[in-house]
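Sequence lines set the chain letters: A, B, ... in the order given, protein chains first and strands last, and positions in each chain run from 1. The analysis underlying the following values was restricted to heavy atoms, covering all of them including side chains, and did not include hydrogens, waters or symmetry mates.
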Amino acid sequence: MISFSQVNKWYGDYHALVNITAEVKQGEVVVVCGPSGSGKSTLIRTVNRLEEIQSGELNFNGQQVHSPMSSQQLNKLRSQVGFVFQSFNLFPHMSVVENITFSPMRVAGLSKSQAHDKAMALLERVGLAHKAQAYPAQLSGGQQQRVAIARALAMEPPAMLFDEPTSALDPEMVGEVLAVMRSLAHDGMTMMCVTHEMGFAREVADRVWFMDDGSILEKAEPEAFFKNPQHPRAQRFLSDLRAH
Amino acid sequence: MNDLISILSDNWLLLLVGQYPSGPLGGLACTLMLSVLGITLAFPLSVLIALARISRYAFLRWPASALVYGARGIPLLLIILWVYFLVPMLIGRNISGFTTMVVTLVIYEAAFLAEIVRAGIEALPKGQMEAARALGHSYLGAMFYVILPQALYNMLPSMLSQFVSTIKETTLGYVINVHELTFAASQVNNQLLTKPFHVFFILAVIYFVVCWSLTQAAEWLERRIATKRLGTNTQRAKTSSSGLPVDSQPARPLT
């Protein structure tokens, strides 16, 4: 579904992504973890080309993401990648339901009533149907992030990307967002998640990628990764996590 | 004081509407019309200039920047004189002082408003544009439906301040015989001859009252918008006695 092959990215002299070769298969949940500045967010943002790459290939659902293409083609491709941001990025001047219907109507060409029905079904699923008419400023962080997930799902993406979806949340709201993500995973959604929630990784992920300094140092099943990490850097990372 | 009152009571109509209906509309009415026309026609233009200023295409960026720097660096009076003398030469016929003034104000205010709009766009979090692009919206689509509505709303107070400046700038129409408020006051002064201080004091008070009220309105708007912005994230989810958010029903499985 998502495959990286020899992907490299530089910011000036800084080598941000180093020879990334990896694959997220259909229906798989991959958790990307690693210390701050290791390139996790940069990696996930290359998938819908919020970040450009300088060499290598990135294939999403059969399409070469970083090949030359018209802006219309790129917009179409992006509309097929569900993306959830750390900072939610809901549109504050639109109500919750408008946030969700906006893109299906303007990008996918759904009618207003179709888009509305779909939005309400999605809000029901994330447990926020009663907030349809509220504005983002009236919601808690956890609620906003659940709306953001519903907004991404409204485009019916074949895969969902999560860029630290719970990092901006108060601790008591992390659970409600993870619950939504867990239910997506159980339903067979292909997911790539950058997260520090190791409990989630352990329970939901099919594979864990450990990154540092722009490279994927270890790819493993969660059980193996948490019990018996191979790479010394991963061992240190996990023991630092356990220390508190 | 009596002088002031008698000047006002003798000339209030002239100060308000000029010689209208027997002559052209003038006085305060003309001043307000010039300002409103100037700023409303300048507004759409200013959005285009702002978009050009932040465009990634140099051929759009350059002329827009040149216009903005020009308006910043050249006194308004000079631009008025240019339009007044140059435009008739270019189009081969005379244009009225009123038209000259409107054209000049539109160009000048568009340049200044454009900087306000640009600041408004650049003040928004980058994530807004990214989120819209990630959902598949085009750059212009995202700009039009996501960025501009927020930026323009936040910039309302600054725009109102710019409108106040515009009102004061219309006084320069006096030099090309536009029958606005200052022109009307000087007509009154020419009739009376002996009371320039009184006449121009009245003039100053009228400008002050109009501009001060609008400035107050701008400040009120600013406070309102600031409170509205503070509303973000302050309202937390209500928690039930068990400490769990009341609305966190378990998410339903996908069907």
- Between B:R133 and B:E130, is the closest basic N to carboxylate O distance under 4.0 Å? no
Between A:K9 and A:E51, is the closest basic N to carboxylate O distance under 4.0 Å?
yes
Practice item. Specify whether B:F208 and B:W212 have parallel, tilted or perpendicular ring planes, treating 30° as the upper limit for parallel and 60° as the lower limit for perpendicular. Key: parallel
Cut-off 4.5 Å, heavy atoms of chain B, and the answer for A:L74 is neither
The interface call for A:Y135 against chain B, heavy-atom contacts under 4.5 Å, is neither
Note: vs chain B, highest number of non-hydrogen pairs under 4.5 angstrom among A:S71, A:P92, A:S87 is A:P92
TODO: Name the orientation class of the two ring planes belonging to A:F83 and A:F85 (parallel below 30°, tilted from 30 to 60°, perpendicular beyond 60°).
DONE: tilted
Looking only at A:M155, A:Q80, A:R151, A:Q86, most heavy-atom pairs under 4.5 Å shared with chain B are made by A:R151
